[in-house]
Trainee: 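Sending over a structure as structure tokens; questions will come in a sec.
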4 protein chains.
Amino acid sequence: MRKVDHDSRREEVASVASRLIAEKGLEALTTRALAKELGCSIGVLSHYFNSKEEIVMAAFKWADQRIDQRMQNAIAELDEISLDYFIPMITAGLPLDEASDREWRVRFNLYHYCLTKGGKGLKEQIEKISQFRVLMDEFIRTLQKKGEVRRDIDPELITKMAFDMVMGAAQNLLMVPMPERQSHAAYLFAIVEKLRPVKTPTITAVPA
Amino acid sequence: MRKVDHDSRREEVASVASRLIAEKGLEALTTRALAKELGCSIGVLSHYFNSKEEIVMAAFKWADQRIDQRMQNAIAELDEISLDYFIPMITAGLPLDEASDREWRVRFNLYHYCLTKGGKGLKEQIEKISQFRVLMDEFIRTLQKKGEVRRDIDPELITKMAFDMVMGAAQNLLMVPMPERQSHAAYLFAIVEKLRPVKTPTITAVPA
Amino acid sequence: MRKVDHDSRREEVASVASRLIAEKGLEALTTRALAKELGCSIGVLSHYFNSKEEIVMAAFKWADQRIDQRMQNAIAELDEISLDYFIPMITAGLPLDEASDREWRVRFNLYHYCLTKGGKGLKEQIEKISQFRVLMDEFIRTLQKKGEVRRDIDPELITKMAFDMVMGAAQNLLMVPMPERQSHAAYLFAIVEKLRPVKTPTITAVPA
Amino acid sequence: MRKVDHDSRREEVASVASRLIAEKGLEALTTRALAKELGCSIGVLSHYFNSKEEIVMAAFKWADQRIDQRMQNAIAELDEISLDYFIPMITAGLPLDEASDREWRVRFNLYHYCLTKGGKGLKEQIEKISQFRVLMDEFIRTLQKKGEVRRDIDPELITKMAFDMVMGAAQNLLMVPMPERQSHAAYLFAIVEKLRPVKTPTITAVPA
DNA sequence: GATGAATGAGGCTTCATTCAT
DNA sequence: GATGAATGAAGCCTCATTCAT
């Protein structure tokens with residue numbers, strides 16, 4: 001069988017495993033349940049993965065990357081860097097529909113799995129987030145240079161705030177009924193707007 | 001009858017179970033491991049709990065309440081409501097030491113357990129958070145009336161922001177090495193300060 | 001505590017144990033359930049019985065003897081031996097009310113327990129039934145001598161038939177709804193009547 | 001796939017389980033013991049049965065049907081309905097050898113299991129026996145029409161008697177040493193003979 | 001390559017019994 | 001004498017994994 005088939009099969013397994021984790025919890029991801037959901041036999045899994053842990057990891061990675069991809073896609077068509085990136089990126093990144101809801105559930109499973117097991121996995125996650133922080137930081141600085149973001153705020157503070165708010169919003173949104181999520185997340189846009197520099201920085205006092 | 005305080009024994013079990021969840025993960029909380037950690041036989045657990053699920057729930061509740069208690073204790077000695085409540089409360093509430101680190105790990109297990117199982121447990125969590133939001137909202141409004149918080153910010157926005165930031169900070173802090181956590185969380189204090197009304201809104205421009 | 005108290009307590013335990021066996025099955029007779037039903041603590045049972053098997057045996061014996069007693073009581077007031085003994089004895093012996101229903105259920109448990117375990121218990125049961133057969137046989141012979149039972153039937157045949165029919169009727173009645181049991185058992189009386197000698201053995205052919 | 005006939009494997013399990021019940025009692029039918037007796041691992045049982053109760057039921061059914069089959073086989077070669085059916089049928093039906101002894105022990109376990117648990121199982125047993133009674137009744141009536149059975153006896157009485165006697169004989173035979181069983185059961189044949197109409201009902205008095 | 005039967009460790013729970021109080 | 005907490009074996013069941021077909 002060609003490599004592409006092998007890979008696409010692996011992804012299919014990861015995808016279904018991810019859905020099982022999201023819907024029933026990590027402990028419900030058994031080889032039996034997975035094979036049943038995939039419509040194949042138990043033994044076939046061992047052709048694509050050496051152990052169950054590999055499957056779990058693949059499911060984690062799949063969901064994690066889907067969220068990242070979703071965010072990248074949201075700004076892919078935008079041509080120039082601007083503060084306007086934030087809104088679609090946040091919208092795309094947060095669990096505001098069923099698909100991203102599932103992915104976030106899996107991502108949290110990933111986080112707590114790594115936290116518990118420690119080791120390489122945890123290091124990878126930390127590293128990944130750290131790199132993302134650097135990117136964000138640079139992004140803010142660029143926007144500040146371009147005059148799209150107020151210069152009197154420490155970029156690092158914005159970055160930290162953004163990371164905590166998005167993570168917390170994602171967590172909290174999972175417990176909010178789907179119809180109310182949009183409105184619940186809307187306040188984030190207001191905060192983004194507060195980052196814009198005051199248009200007429202003349203004589204008047206600007207409260208915030 | 002052997003002299004045993006039934007409630008304190010239950011709490012001891014819940015406490016140890018909570019520690020196991022935090023350190024090894026929920027799936028490592030087996031009756032064998034728990035009994036071993038408690039230094040007693042497996043059968044003894046059934047004297048205090050009717051099922052393992054009850055133990056899990058007790059462990060969840062124990063850790064959850066410990067965080068709440070920690071925050072309440074932090075402001076217990078303060079005599080008058082003021083914005084100064086926030087700093088010690090946040091400091092007490094976030095996972096900035098080993099004990100609260102364990103409790104937050106368990107709390108996240110609780111959240112994701114409820115999210116997966118749904119049912120009454122999820123409803124309870126949502127209700128609890130909802131009530132806390134109302135309290136927070138009233139708190140902000142009171143501070144605004146007292147002139148301790150700027151009146152040009154929607155209280156609801158502050159509440160939402162606070163909830164998401166604390167939740168996200170807690171999550172993110174868990175992945176930060178303990179020594180760096182204090183400094184990582186410090187930015188929150190800066191944000192709290194930004195809520196204070198501008199002392200002298202006279203001639204000078206105050207950017208934010 | 002005086003012996004009479006000790007004995008009456010033992011009987012109470014046996015009685016309640018017997019009821020549990022009848023209603024829920026032998027495997028539902030646990031020390032916990034028994035103590036609960038008795039309204040006493042688990043430990044108290046060991047004052048009266050050395051092991052659970054002793055309790056089971058006592059329960060078996062209690063129910064077994066109650067059936068025997070019931071039958072003896074039924075003919076206690078009758079002054080002279082006659083075929084009329086049979087009807088009240090059968091009526092008293094069979095599971096025609098709730099109490100004797102329970103006792104028979106226990107008795108069958110006893111039989112199958114002995115059959116399985118073998119040993120002394122089985123020997124005792126066989127011995128007991130054997131003695132009863134002898135009594136019955138003598139009883140029939142006496143009635144035949146008195147002319148109350150036809151002399152052309154082998155007494156042993158009557159005895160065997162009676163033992164099998166009563167045992168089988170008891171077993172089958174347990175599966176018949178209580179209201180229908182009386183009518184179901186009534187045919188036995190007709191058979192008893194057939195044992196009576198033909199009153200006028202003259203010229204006419206008497207088929208049977 | 002390993003070559004295994006699923007149904008024959010199920011029957012094998014049921015058969016061995018049945019033997020264990022007969023020899024050691026229902027409570028000795030543990031998964032461990034059963035697996036050991038089958039010469040396989042414990043886990044294999046779950047391939048063929050969803051629970052232990054299913055195994056118990058299969059064992060019950062297996063033994064129950066074996067008795068029925070044994071009786072049917074006994075009259076299979078007989079070409080015409082006649083009273084002569086009875087003797088081989090009874091002989092085949094009663095526990096007169098080791099195999100049918102085991103099956104009857106299991107059947108009694110089945111009866112008392114159903115009696116205790118009630119529910120659908122009990123209803124099924126009652127229904128089965130009820131249908132068998134109807135068949136027997138029709139059989140008797142047919143024989144009466146053919147002149148093979150005396151017409152002065154109520155068919156229903158014969159049926160009831162037969163059912164109780166067979167059930168009781170089976171029960172009592174279980175407690176009789178194997179060598180004596182044949183002679184113990186022989187009286188039943190005498191009773192069957194009494195059902196035959198008197199050949200020459202002429203002048204002579206026939207007492208019975 | 002695909003199948004699913006087989007394995008046996010380990011999950012939770014229940015049990016009769018013991019014994020400190 | 002009475003209590004019920006403690007014990008640990010053994011109950012049933014589920015699991016990831018292996019391997020003959």
Side-chain angles (χ1 to χ4, degrees), chain A residues 1 5-6 9 27-36 38-56, chain B residues 1-6 9-10 27-36 38-56, chain C residues 1 5-6 9 27-36 38-56, chain D residues 1-6 9-10 27-36 38-56:
Chain A
M1 187 176 288
D5 292 338
H6 196 265
R9 200 91 173 89
E27 76 282 3
L29 177 62
T30 66
T31 49
R32 271 176 179 73
L34 185 53
K36 188 172 187 180
L38 281 163
C40 71
S41 70
I42 293 174
V44 86
L45 297 174
S46 57
H47 288 303
Y48 302 106
F49 298 91
N50 291 318
S51 70
K52 191 192 156 188
E53 198 187 343
E54 263 192 16
I55 298 177
V56 171
Chain B
M1 144 169 60
R2 288 190 202 165
K3 190 61 170 252
V4 175
D5 181 351
H6 200 267
R9 202 89 171 83
R10 271 180 68 98
E27 75 282 3
L29 177 62
T30 67
T31 50
R32 272 173 174 78
L34 184 52
K36 191 171 186 179
L38 280 163
C40 70
S41 68
I42 292 175
V44 86
L45 298 174
S46 61
H47 287 300
Y48 302 104
F49 298 93
N50 292 318
S51 69
K52 187 182 158 200
E53 197 187 343
E54 262 192 16
I55 297 177
V56 171
Chain C
M1 189 176 287
D5 291 339
H6 196 267
R9 199 91 173 88
E27 76 283 2
L29 177 62
T30 66
T31 49
R32 271 176 180 71
L34 185 52
K36 188 172 186 178
L38 282 162
C40 71
S41 70
I42 294 173
V44 86
L45 297 173
S46 59
H47 288 303
Y48 302 106
F49 298 92
N50 291 317
S51 70
K52 192 191 156 188
E53 197 187 345
E54 264 192 15
I55 297 176
V56 171
Chain D
M1 148 168 55
R2 288 188 202 166
K3 189 63 171 248
V4 175
D5 181 352
H6 201 267
R9 201 90 171 83
R10 272 180 68 98
E27 75 283 3
L29 177 61
T30 66
T31 48
R32 271 175 174 77
L34 184 53
K36 190 171 187 178
L38 280 162
C40 70
S41 68
I42 292 176
V44 87
L45 299 174
S46 61
H47 287 299
Y48 303 105
F49 298 92
N50 291 318
S51 69
K52 188 183 156 200
E53 197 186 341
E54 262 191 16
I55 297 177
V56 170

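Each chain gets a letter, A, B and so on, in the order its sequence line appears, and its residues count up from 1.
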Trainee: Which residue lies toward the 5' end of DNA chain E, B:E53 or D:S46, if each is placed at its nearest nucleotide?
Mentor: D:S46
Trainee: Measure from CZ on D:F49 to P on E:dA6 and round the result to the nearest Å.
Mentor: 12 Å
Trainee: With the side chain counted from C-beta on, respond yes when C:H47 and C:C40 share a heavy-atom pair under 4.5 Å apart, and no when they do not.
Mentor: no
Trainee: Given E:dC12, E:dT7, F:dA10, identify the nucleotide with an atom nearest to the side chain of D:R32.
Mentor: F:dA10
Trainee: Atom NZ of C:K36 to atom P of E:dA16: distance rounded to whole Å?
Mentor: 15 Å
Trainee: Could you check which of E:dG1, E:dC12, F:dA16 has an atom nearest any side-chain atom of A:K52?
Mentor: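 Among E:dG1, E:dC12, F:dA16, the one nearest the side chain of A:K52 is F:dA16.
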Trainee: Between B:G43 and A:T31, just flag the one whose closest nucleotide in DNA chain F comes earlier from the 5' side.
Mentor: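 Closer to the 5' end of DNA chain F: B:G43.
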Trainee: Should C:Y48 be listed as having a side-chain N or O under 4.0 Å from OP1 or OP2 of F:dA2?
Mentor: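 So the side chain of C:Y48 is within the cut-off, an N or O lying under 4.0 Å from OP1 or OP2 of F:dA2.
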Trainee: Could you tell me the Watson-Crick or G-U partner of E:dA20, where both distances fall under 3.5 Å? Say none if there is no partner.
Mentor: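 For E:dA20, the partner nucleotide comes out as F:dT3, under the 3.5 Å rule.
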Trainee: Tell me the interatomic distance from A:N50, atom CG, to F:dT18, atom C1', rounded to whole angstroms.
Mentor: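 These atoms are roughly 13 Å apart.
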Trainee: Please determine whether a side-chain nitrogen or oxygen atom of A:R9 lies at a distance below 4.0 Å from atom OP1 or OP2 of E:dG1.
Mentor: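 Answer no for this pair, as no side-chain N or O of A:R9 is under 4.0 Å from OP1 or OP2.
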Trainee: Quick check for you: among F:dT7, E:dT7, E:dG10, whose closest atom lies nearest to any side-chain atom of B:C40?
Mentor: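 Minimum distance to the B:C40 side chain belongs to F:dT7.
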Trainee: Quick check: do C:V44 and C:L38 have side-chain heavy atoms less than 4.5 Å from each other?
Mentor: no
Trainee: Within this structure, what is the CG-to-P distance between D:L38 and E:dG8, rounded to whole angstrom?
Mentor: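 D:L38 atom CG is separated from E:dG8 atom P by 15 Å.
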Trainee: Toward the 5' end of DNA chain E, which comes first, D:I42 or C:L29, by nearest nucleotide?
Mentor: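 Upstream on the strand: D:I42.
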Trainee: When the distance from CG of B:L45 to P of F:dT7 is rounded to whole Å, what number comes out?
Mentor: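 Result: 10 Å.
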Trainee: Taking the minimum atom-to-atom distance to the side chain of C:T30, which one of E:dC15, F:dA6, F:dA2 wins?
Mentor: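 Between E:dC15, F:dA6, F:dA2, the one nearest the side chain of C:T30 would be E:dC15.
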Trainee: Compare the minimum distances between each of F:dC13, F:dT17, E:dA2 and the side chain of A:H47, then state the nucleotide with the smallest one.
Mentor: E:dA2
Trainee: Taking the minimum atom-to-atom distance to the side chain of B:S41, which one of E:dA6, F:dA6, E:dA2 wins?
Mentor: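 Nearest to the side chain of B:S41 among the choices is F:dA6.
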Trainee: Check the distance between F:dC15's P and A:L34's CG and give it to me in whole angstrom.
Mentor: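 Computing the A:L34:CG to F:dC15:P distance gives 13 Å.
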Trainee: Which comes earlier along DNA chain F counting from the 5' end, the contact point of C:G39 or that of D:E27, where each point is its nearest nucleotide?
Mentor: C:G39
Trainee: Is C:R32 close to C:K36 at the side-chain level, that is, under 4.5 Å between some pair of heavy atoms?
Mentor: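 They are not in side-chain contact.
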Trainee: Hey, does D:R9 have a side-chain heavy atom less than 4.5 Å from the side chain of D:D5?
Mentor: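 Contact flag for D:D5/D:R9 side chains = no.
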Trainee: Heavy-atom count around C:E53 CD within 6.0 Å, excluding the residue itself: above 12?
Mentor: no
Trainee: So which nucleotide does F:dG8 pair with, by the Watson-Crick or G-U wobble rule with both distances under 3.5 Å?
Mentor: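 With both distances under 3.5 Å, F:dG8 matches E:dC15.
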